[in-house]
Amino acid sequence: IFFDKKSRLLYLCDTNNDRICVLDENGYPVYEYKGYKAENGQYLPLGAPLGVVVDTKSNIYISRRSKQNIIILDSRGRLAGRITWDKIGFINPGKMDIEQQDNVYLVDKANQQVLVFSPKGKLIKTIGQKGAGQAEFEQICDVAVGGDREVYILDRDTTAVEMFDKKGGFINGFGKH
């Protein structure tokens, strides 16, 4: 789920029905993305969307269960780019958030970390790792970037939330550990 403050629209991932639903502030449907137009003009399905965010230019970033990339769609639903992690190795992509500078924060459930990508798709940093201590996660499930660029990461198994600074340094944590 992502609320775009600029357009005042709510974006919802409907993974099982392979779509992104866009609603207005009152919950009324505005648009539905079921696929996108690829470079060759072919219309392709989304591929089980898991996370969605919208950047300051109204581009839509979608992480997908069935693909090892994030697709970037323009506001008309045409493919505008991809973020890939071929050089990183296998990850299990999940939910996302985006900061004011359009850096994308992507949950990697396979390696229990958050990957941070620049708007051009370059990996900037990783936050966290597998484990049970400070700045470690057993079952990472969600990420949120605060207005002051603090990063909050939720561990589903421990119900702990850990807070990091914009450089990825641990600040604090709360909940069970």
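Panel note: side chain D108, backbone Q113; no donor-acceptor pair is recorded below 3.5 Å. With hydrogens and angles disregarded, a donor-acceptor distance shorter than 3.5 Å links the side chain of T15 to the backbone of P49. Not one N or O on the side chain of N26 forms a donor-acceptor pair closer than 3.5 Å with the backbone of Y28.
Considering CG of L10 and CZ of R8, their distance stands at 11.0 Å, rounded to 0.5 Å. The CD1 atom of I171 lies 5.0 Å from the CG atom of D165; values are rounded to the nearest 0.5 Å. Distance check, rounded to the nearest 0.5 Å: CD1 of I20 to CG of L46 gives 6.0 Å. In this structure, CG in D97 is found 11.5 Å from CG in N103, a value given to the nearest 0.5 Å. Atom CD of E39 and atom CG of L79 lie 4.5 Å apart (nearest 0.5 Å).
The shortest heavy-atom contact between R19 and E32 is NH1-OE2, 2.6 Å. Across all their heavy atoms, E138 and A132 have their closest contact at OE2-CB, 3.5 Å. Shown here for D18 and P45, the closest heavy-atom pair between the two residues is OD2-CB, 3.4 Å. In terms of heavy-atom proximity, S63 sits nearest to M96 at N-CE, 3.5 Å. Closest of all the heavy-atom pairs between Q68 and P93 is NE2-CD, 3.9 Å.
Side chain to side chain, Q139 and D155 fail the donor-acceptor criterion of an N or O pair below 3.5 Å. Checked by atom type, the side-chain pair Y105/E99 shows a donor-acceptor distance below 3.5 Å.
Side-chain contact between I72 and I60: absent, with no pair of heavy atoms (C-beta onward) separated by less than 4.5 Å. Side-chain contact between F2 and C13: absent, with no pair of heavy atoms (C-beta onward) separated by less than 4.5 Å. In this structure, the side chains of F137 and I153 come closer than 4.5 Å at one or more pairs of heavy atoms. At least one side-chain heavy atom of F3 sits under 4.5 Å from a side-chain heavy atom of E25. At a threshold of 4.5 Å between non-hydrogen side-chain atoms, the residues S58 and K6 count as touching. For the pair V54 and S7, the minimum side-chain heavy-atom distance is 4.5 Å or more. Side-chain contact between I70 and L106 is present, with heavy atoms from C-beta onward closer than 4.5 Å. Inter-residue side-chain proximity for L73 and R78 is flagged as unmet; no heavy-atom pair is nearer than 4.5 Å.
Following chains of ILVMFWY side-chain contacts shorter than 4.5 Å, one cannot reach I127 starting from Y152, and the two form parts of different hydrophobic clusters. Linking ILVMFWY side-chain heavy atoms closer than 4.5 Å, directly or via other members, places I140 and F174 in two distinct hydrophobic clusters. Put simply, I91 and V104 are part of the same group of oily side chains (I, L, V, M, F, W, Y) that touch within less than 4.5 Å, one to the next. A single hydrophobic cluster is not seen to contain both L12 and V143; linkage of ILVMFWY side chains at heavy-atom distances under 4.5 Å, directly or through other members, places them apart. I62 and W85 fall within the same hydrophobic cluster, defined by Ile, Leu, Val, Met, Phe, Trp and Tyr side-chain heavy atoms under 4.5 Å apart, directly or through other members.
Counting only residues at least two apart or in different chains, ring-ring contact (aromatic ring centres under 6.0 Å, His included) contacts with residues 29-59 comprise Y31-Y33.
Not counting sequence neighbours, the partners of Q129 by the side chain to side chain contact (heavy atoms under 4.5 Å, CB included) test are E136. Partners of D142 by side chain to side chain contact (heavy atoms under 4.5 Å, CB included), not counting sequence neighbours, listed by chain and number: K95, L154. With sequence neighbours excluded, the residues that form a side chain to side chain contact (heavy atoms under 4.5 Å, CB included) with N69 are R64, K67, I71, R82, T84. Take D55 and apply the side chain to side chain contact (heavy atoms under 4.5 Å, CB included) test, not counting sequence neighbours, and it matches K57, N59, Y61, I98, D102.
Using a 30° and 60° split on the angle between ring planes, F170 and F164 fall in the perpendicular class, above 60°.
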Atom pairs and distances, donor-acceptor, side-chain atoms in residues 114-126, under 3.5 Å, two or more places apart:
| unit_1 | atom_1 | unit_2 | atom_2 | d |
| --- | --- | --- | --- | --- |
| S118 | OG | K120 | N | 3.3 |
| S118 | OG | G121 | N | 3.4 |
| S118 | OG | K122 | N | 3.1 |
| K125 | NZ | K166 | O | 2.7 |

- Show your working on side chain to side chain contact (heavy atoms under 4.5 Å, CB included) between L44 and Q42 and close with a plain yes or no. CA-CA 6 Å; L44 299 172; Q42 183 180 8; 3.7 Å; yes
